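Bear in mind the structure is a predicted one, so any value in this text is a computation, not a measurement. Every chain is numbered from 1, with letters handed out A, B, ... down the list of sequences.
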Number of protein chains: 2
Amino acid sequence: MGEVRVLLVDDHPVVRAGLRAMLTGFEGISIAAEAADGAAALKELARLRTLGEAPDVVLMDLQLGDGMDGVTATAQIRKLAAPPPVLILTTYDTDADILAAVEAGASGYMLKDAPPDQLRQAVLQAAAGGTALAPRAAALLMERISNPGTSLTPREVQLLELLATGLSNRAIARQVFISEATVKTHLVHIYGKLGVDNRTAAIAAATQRRIIRAPGSKG
Amino acid sequence: MGEVRVLLVDDHPVVRAGLRAMLTGFEGISIAAEAADGAAALKELARLRTLGEAPDVVLMDLQLGDGMDGVTATAQIRKLAAPPPVLILTTYDTDADILAAVEAGASGYMLKDAPPDQLRQAVLQAAAGGTALAPRAAALLMERISNPGTSLTPREVQLLELLATGLSNRAIARQVFISEATVKTHLVHIYGKLGVDNRTAAIAAATQRRIIRAPGSKG
DNA sequence: CCGGGAGTCAACCTTTCGGTTGATCCCCGG
DNA sequence: CCGGGGATCAACCGAAAGGTTGACTCCCGG
């Protein structure tokens with residue numbers, strides 16, 4: 001059979017160069033094209049298809065700088081007809097990242113610090129229609145199906161976001177037109193679900209799990 | 001003159017491969033050796049010196065996984081006799097990271113998403129004994145000399161970082177072996193300097209101004 | 001139609017936090 | 001040599017947050 005053609009999507013030139021060097025060094029893998037962001041990835045994908053050189057797998061980072069993030073890009077790609085498998089290759093393995101990627105239709109979730117051979121295996125596996133998950137990603141998904149009751153409600157996430165901006169309970173209450181008592185009730189629920197016992201720990205936990213965006217971080 | 005020899009220090013195989021491919025592609029730059037952590041970097045440096053092949057510049061990531069971080073490694077290198085210039089190449093540009101690197105004796109501070117040509121320029125500049133700063137790093141240092149009164153002390157930044165992990169005053173006190181009263185005193189000073197009046201707002205403000213990294217992000 | 005989860009609110013109590021005042025120690029620089 | 005800033009600690013008080021119990025509404029699904 002022919003080579004597995006890969007479309008690289010990563011905003012860091014250094015990482016793209018590294019993946020290009022690493023993957024082309026493997027037997028049976030070649031780089032079809034590269035893209036620095038989601039829009040460029042979709043454009044490249046369309047271009048390659050018209051050339052009859054559709055990639056066998058898309059290797060996608062989740063953090064793509066300004067613009068479309070990797071989850072959105074993945075969802076867009078999976079909406080196409082006969083979409084290629086998308087293998088996520090990123091730096092972080094937070095709950096929200098993993099779940100968002102899987103929900104967007106990713107075929108796998110690998111970390112950038114994985115050894116080269118695991119990376120090669122994952123690419124080949126995804127290209128063949130299989131699945132490749134980093135240990136933590138696999139553990140998370142299994143834990144989710146056995147223990148589904150611990151996720152935050154939309155309202156709780158909303159209050160969490162306000163909490164992270166540094167507002168007091170009273171200020172939050174005024175912001176969303178409820179009483180301070182209700183805010184406290186929600187916070188108690190949030191603390192319980194996150195396994196913490198104060199607001200700063202809740203912010204840290206929620207940020208770590210990417211339930212909320214870091215205060216002041218660029219979109 | 002001969003080629004500029006670079007010692008690469010980065011814990012990610014993908015990034016090392018990328019930098020190797022990118023830099024060796026440039027005229028006048030070659031890779032002398034690579035290291036995945038601080039200890040290995042010092043060892044490689046010593047080895048190269050005994051061979052009479054001392055590198056002209058060390059390209060150093062700040063996040064080096066388990067063990068010695070990039071700041072410590074930089075300081076160690078700069079303590080040697082006739083130390084090579086150390087150019088920091090990392091992912092984040094928080095105030096704390098930049099200042100720590102400069103204080104450790106770094107010759108420059110660049111970000112990994114910099115375009116290849118800027119990277120090449122920075123390496124050559126550092127190797128020639130010059131300085132190379134990313135825009136935000138340069139802006140920070142200039143702002144420091146023109147406006148030195150309102151900055152947080154290192155101790156205050158340290159407590160702020162612990163604060164952002166969700167620790168209580170008592171827990172912070174135990175962590176750094178001081179009394180809870182002292183923690184409270186520091187926090188009052190921090191609140192004053194940041195213009196806030198509670199701990200969550202301090203985290204939000206400090207994150208926004210990049211005095212600290214987002215809570216929970218890897219270091 | 002009934003149970004349950006989500007959202008709302010109140011009253012109560014304990015703990016933590018925020019703010020102040022005042023004090024000691026050390027080190028650096030004029 | 002003396003001032004000042006940084007770091008340390010103590011005692012105090014009021015305000016805010018944490019935790020519990022209980023209750024009401026709404027809506028969705030079995």
Measuring to OP1 and OP2 of [N], would you say a side-chain N or O of [X] lies under 4.0 angstrom away?
{"X": "B/H189", "N": "D/dG6", "answer": "no"}
{"X": "B/R155", "N": "D/dT8", "answer": "yes"}
{"X": "A/Y191", "N": "D/dG19", "answer": "no"}
{"X": "B/T182", "N": "D/dT8", "answer": "no"}
{"X": "B/T185", "N": "D/dC9", "answer": "no"}
{"X": "B/N169", "N": "C/dT16", "answer": "no"}

Rounded off to whole Å, could you give me the [atom1]-to-[atom2] distance for the [X] and [N] pair?
{"X": "A/K193", "N": "C/dG7", "atom1": "NZ", "atom2": "P", "result": "8 Å"}
{"X": "A/E156", "N": "C/dG5", "atom1": "CD", "atom2": "P", "result": "13 Å"}
{"X": "B/L159", "N": "C/dC17", "atom1": "CG", "atom2": "P", "result": "13 Å"}
{"X": "B/R170", "N": "C/dC17", "atom1": "CZ", "atom2": "P", "result": "8 Å"}
{"X": "A/I172", "N": "C/dT8", "atom1": "CD1", "atom2": "C1'", "result": "16 Å"}
{"X": "B/L187", "N": "D/dA7", "atom1": "CG", "atom2": "P", "result": "13 Å"}
{"X": "A/Q158", "N": "C/dA6", "atom1": "CD", "atom2": "P", "result": "16 Å"}
{"X": "A/I178", "N": "C/dA6", "atom1": "CD1", "atom2": "P", "result": "15 Å"}

Checking contacts here: which listed nucleotide ([options]) is nearest the side-chain heavy atoms of [X]?
{"X": "A/V188", "options": "C/dG19, D/dT20, C/dT16", "value": "D/dT20"}
{"X": "B/T153", "options": "D/dG6, D/dG18, C/dC17", "value": "D/dG6"}
{"X": "B/K184", "options": "C/dC9, D/dC12, D/dA10", "value": "D/dC12"}

Exercise for review: State whether B/D61 and B/R16 are salt-bridged, where the test is any N-O pair (Lys NZ or Arg NE/NH1/NH2 against Asp/Glu carboxylate O) under 4.0 Å.
Suggested key: no
Point to revise | Under 3.5 Å donor-acceptor, A/T207 side chain and A/I203 backbone | key: yes
Exercise for review: For the pair A/N198 (side chain) and B/G166 (backbone), establish whether a donor and an acceptor sit closer than 3.5 Å, ignoring hydrogens and angles.
Suggested key: yes
Check your understanding: Hey, which of these two, A/E180 or B/H186, hits DNA chain D nearer its 5' end, going by closest nucleotide?
Key -> B/H186
Review point. Which residue, A/N198 or B/P154, contacts DNA chain D at a nucleotide closer to its 5' end, judged by nearest heavy atom?
Key: B/P154
Practice item. Check whether the side chains of A/T90 and A/Q63 place a donor and an acceptor atom closer than 3.5 Å, and report yes or no. Key: yes
Practice item. Indicate whether the side chain of A/T182 and that of A/T185 have a donor and an acceptor atom separated by less than 3.5 Å. Key: no
